[in-house]
Number of protein chains: 2
Amino acid sequence: MFQARIYVTLKTGILDPQGKAVKGALATLGYGKVEDVRVGKYLVLTLDYPDRFLAEKDVKEMCDRLLANPVIEDYTFELQEVAK
Amino acid sequence: MFQARIYVTLKTGILDPQGKAVKGALATLGYGKVEDVRVGKYLVLTLDYPDRFLAEKDVKEMCDRLLANPVIEDYTFELQEVAK
């Protein structure tokens with residue numbers, strides 16, 4: 001049994017309107033020293049896989065095929081063994 | 001100058017329809033051994049703050065006031081000093 005924590009972020013150079021909106025809202029609240037905000041996704045998957053090698057291979061595939069858009073997004077992930 | 005990486009997740013027990021939809025889509029693609037999917041937000045803030053104590057205090061405030069909904073969401077964050 002594994003837990004995968006996946007971080008999906010926009011590639012550098014891709015405009016982030018949601019981040020810009022958050023930055024503006026923070027400035028309105030008095031946090032004008034926030035210079036940049038980037039908003040991404042954080043996914044936690046619980047996987048009923050017997051071994052780490054297979055889990056890692058499949059999580060990579062899931063990211064490439066569904067969870068991230070490889071044209072505009074990057075991703076990283078961590079795998080951790082958890083108790084059943 | 002600091003970089004804050006903020007992870008916002010739904011509290012345990014709060015229904016996650018987006019996660020359920022992702023789980024269903026993964027099953028359709030052949031990844032039926034994914035037992036659970038939770039979808040959260042991942043924010044990266046660049047802060048022009050001179051010291052860590054103040055940065056930490058303000059990031060906590062920003063999370064409580066704007067970035068997370070304390071009724072249904074939990075958050076954690078990491079602060080890292082970065083070059084200007």
Side-chain angles (χ1 to χ4, degrees), chain A residues 1-12 16 18-51 54-55 57-68 73-79 82 84, chain B residues 1-12 16 18-51 54-55 57-68 73-79 82 84:
Chain A
M1 201 87 156
F2 289 89
Q3 193 181 65
R5 291 156 191 259
I6 304 169
Y7 311 95
V8 181
T9 50
L10 285 167
K11 281 186 203 280
T12 316
D16 182 354
Q18 197 185 349
K20 214 171 166 182
V22 171
K23 190 191 164 194
L26 286 171
T28 308
L29 289 174
Y31 306 107
K33 283 185 166 182
V34 176
E35 297 219 323
D36 191 42
V37 179
R38 304 284 283 175
V39 180
K41 276 176 291 180
Y42 172 52
L43 295 109
V44 182
L45 272 57
T46 309
L47 307 151
D48 188 12
Y49 278 59
D51 83 290
L54 205 66
K57 182 187 146 282
D58 272 13
V59 170
K60 200 179 170 309
E61 258 183 43
M62 291 177 217
C63 289
D64 288 328
R65 293 177 68 188
L66 183 81
L67 306 177
E73 291 173 329
D74 287 324
Y75 65 83
T76 55
F77 66 87
E78 296 157 6
L79 262 188
V82 290
K84 271 241 179 190
Chain B
M1 201 86 155
F2 288 89
Q3 193 181 64
R5 292 156 190 260
I6 304 169
Y7 312 95
V8 181
T9 50
L10 286 169
K11 282 186 204 278
T12 315
D16 182 355
Q18 198 185 348
K20 213 171 166 182
V22 171
K23 190 191 163 193
L26 286 172
T28 308
L29 289 173
Y31 305 107
K33 284 186 167 181
V34 176
E35 297 219 324
D36 191 42
V37 179
R38 304 284 285 177
V39 180
K41 277 176 290 179
Y42 172 54
L43 295 109
V44 182
L45 271 58
T46 309
L47 306 152
D48 188 14
Y49 278 58
D51 83 290
L54 205 67
K57 182 186 145 284
D58 272 14
V59 169
K60 198 178 171 311
E61 258 182 43
M62 289 178 219
C63 289
D64 288 328
R65 295 178 67 189
L66 183 80
L67 305 177
E73 292 173 330
D74 286 324
Y75 65 83
T76 55
F77 66 87
E78 297 157 4
L79 262 187
V82 291
K84 272 238 181 195

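All figures in this text were calculated on a predicted structure; none of them were measured in a lab. Below, all heavy atoms of this structure are taken into account, side chains as well, without hydrogens, waters or symmetry copies.
Looking at B/Leu67, the atoms closer than 4.5 Å to chain A (heavy atoms on both sides) all sit in the side chain, from C-beta outward. Heavy atoms closer than 4.5 Å to chain A are found nowhere in B/Gln3, neither backbone nor side chain.
Two residues are said to be in side-chain contact when any heavy atoms from C-beta on lie closer than 4.5 Å; A/Glu35 and B/Tyr49 fail this criterion.
Per-residue counts of heavy-atom pairs under 4.5 Å with chain A were compared for B/Arg38, B/Met1, B/Arg5; the largest is that of B/Arg38.
Between the CG atom in A/Asp58 and the CG atom in B/Leu29 there is a gap of 11.0 Å [rounded to 0.5 Å].
Proximity to chain B among residues 20-27 of chain A is limited to A/Val22, A/Ala25, A/Leu26, judged by heavy-atom separations below 4.5 angstrom. Within residues 39-48 of chain A, the residues approaching chain B closer than 4.5 Å by heavy atoms are, in numerical order, A/Val39, A/Gly40, A/Lys41, A/Tyr42, A/Leu43, A/Val44, A/Leu45, A/Thr46, A/Leu47, A/Asp48.
For A/Lys11, the NZ atom counts as densely surrounded, since its 6.0 Å shell holds more than 12 non-hydrogen atoms of other residues, nucleotides or ligands.
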